[in-house]
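Notes for the one structure printed next.
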There are 2 protein chains.
Amino acid sequence: MALSADILRGYTDTILLKCLAEGDSYGYQMVRQIAQKSGGALQLKEPTLYTAFRRLTQDGLIDSYWGDEQSGARRRYYRLTEKGLERLLSDQQAWIETRQALDRLLLDENE
Amino acid sequence: MALSADILRGYTDTILLKCLAEGDSYGYQMVRQIAQKSGGALQLKEPTLYTAFRRLTQDGLIDSYWGDEQSGARRRYYRLTEKGLERLLSDQQAWIETRQALDRLLLDENE
DNA sequence: AATAATACCTTGACAGACGATGTACTGTGT
DNA sequence: ACACAGTACATCGTCTGTCAAGGTATTATT
């Protein structure tokens, strides 16, 4: 099973924030972390990823710095800001409420 | 709390199918039914609604007929088709899996 | 020397949600 | 009789997020 784009729309930002809450990371790695965590269900596409990074940076929810790799390609690391953490917490709460509302709207009463 | 647009994107169709699975209905009433069921969290907007009706009709998931109101404004009733019911069932299953994946991606392990 | 993998990034097209707006009829208060 | 709110239908144009396709550069493998 793969999660469709539209279904995820609106959650990518939160998914990225949560990912960074577990430690600084960089684009390519985050794609893999998220794929793994979702059991392969969510394969974030690169344009989606970098669009989100730009959005989150502009909103001051994350910032970034270049890693000093001795070998291999350069990496831009992203870091959660204080404001980003606050956003994450409120997004998590919103998810819990959304989940409950959608359960009521989509499923039968007795399940 | 109000569900934001992007969060719902991709679910409106399923929400409408589920609503019709409980009996034929018409636009205006469905908006109210859904608002009530979600505890006011989801106020479907009319352009969203009619765009969805067109989409679902085109896909053969619903069809419609004019009611014969003795008084009051005319109403276009919508009805779930066989194909629509099948889609609803698979959408419900998809939601359960999406919910689980998002739980893993958005929340901490111990909750 | 060619290929795959890692790692970054952008452009352009597409689809869904919705603010604004419009039509038409009914019911209510004055 | 008339204004106004409510019911009920519908569309246009804008905005936003996603992604297929494409591009650059470095390192590892064959």
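Model, not experiment: these values are computed from the prediction. Within every chain, numbering begins at 1; the chains are lettered A, B, ... in the order of the sequence lines, protein sequences first and strands thereafter.
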Filtered N/O pairs between nucleotides 5-7 of chain C and protein, under 3.5 Å:
from	atom 1	to	atom 2	distance (Å)
C/dA7	OP1	A/Tyr26	OH	3.2
C/dA7	OP1	A/Arg75	NE	2.8
C/dA7	OP1	A/Arg75	NH2	2.4
C/dA7	OP2	A/Tyr26	OH	3.2
C/dA7	OP2	A/Arg32	NH2	2.9

Roughly how far, to the nearest 0.5 Å, is the OG1 atom of A/Thr48 from the CG atom of A/Asp13? 10.5 Å
Which residues share a side chain to side chain donor-acceptor pair (under 3.5 Å) with A/Tyr78, sequence neighbours left out: none
Nearest whole angstrom, please: distance from the C1' of C/dC18 to the OH of B/Tyr11. 20 Å
Should B/Thr12 be listed as having a side-chain N or O under 4.0 Å from OP1 or OP2 of C/dG16? no
Whole angstrom is fine here: how far is it from CE in B/Met30 over to P in D/dT7? 17 Å
Go through the structure and list residues passing side chain to side chain donor-acceptor pair (under 3.5 Å) with A/Arg74, not counting sequence neighbours. none
Rounding to an integer number of Å, can you tell me how far A/Tyr78 OH sits from C/dC9 C1'? 9 Å
Under the criterion side chain to side chain donor-acceptor pair (under 3.5 Å), I'd like the reasoning laid out for A/Arg79 against A/Tyr77: C-alpha separation, chi angles, the key distance, then a yes or no. CA-CA 7 Å; A/Arg79 174 174 43 204; A/Tyr77 283 86; over 6 Å; no
Separation of C/dA17 atom C1' from B/Gln43 atom CD, nearest Å, is 15 Å
Nearest-Å distance for atom pair CZ/C1', residues A/Arg54 and D/dT18: 13 Å
Assign each of A/Arg55 and B/Trp66 to its nearest nucleotide of DNA chain D by heavy atoms, then name whichever residue's nucleotide is nearer the 5' end. B/Trp66
Atom-pair distance (CG on B/Leu49; P on D/dC9), nearest Å: 8 Å
If you compare every side-chain N and O of B/Thr48 against the phosphate oxygens of C/dC18 (OP1, OP2), does one of them come in below 4.0 Å? yes
Nearest-nucleotide wise, let me know which of A/Pro47 and B/Thr51 is further upstream toward the 5' end of DNA chain C. A/Pro47
What's the CG-C1' distance between A/Leu42 and D/dC19, to the nearest Å? 13 Å
Starting from B/Trp66 and following side-chain heavy-atom contacts under 4.5 Å between hydrophobic residues (I, L, V, M, F, W, Y), which residues can be reached? none
Compile the donor-acceptor pairs under 3.5 Å between side chains in residues 29-37 of chain B and protein atoms, sequence neighbours left out, one pair per line.
from	atom 1	to	atom 2	distance (Å)
B/Gln29	OE1	B/Ser25	OG	3.0
B/Lys37	NZ	B/Glu22	OE1	3.3
B/Lys37	NZ	B/Glu22	OE2	2.9

Shortest side-chain distance from A/Arg9, nucleotide among D/dT16, D/dC19, C/dA20: D/dT16
Round to a whole Å and report the spacing from CG of B/Leu44 to P of C/dG19. 12 Å
Residue pairs passing the salt bridge (charged side-chain N to carboxylate O under 4.0 Å, His left out) test with at least one member in residues 82-93 of chain B, sequence neighbours excluded, are none
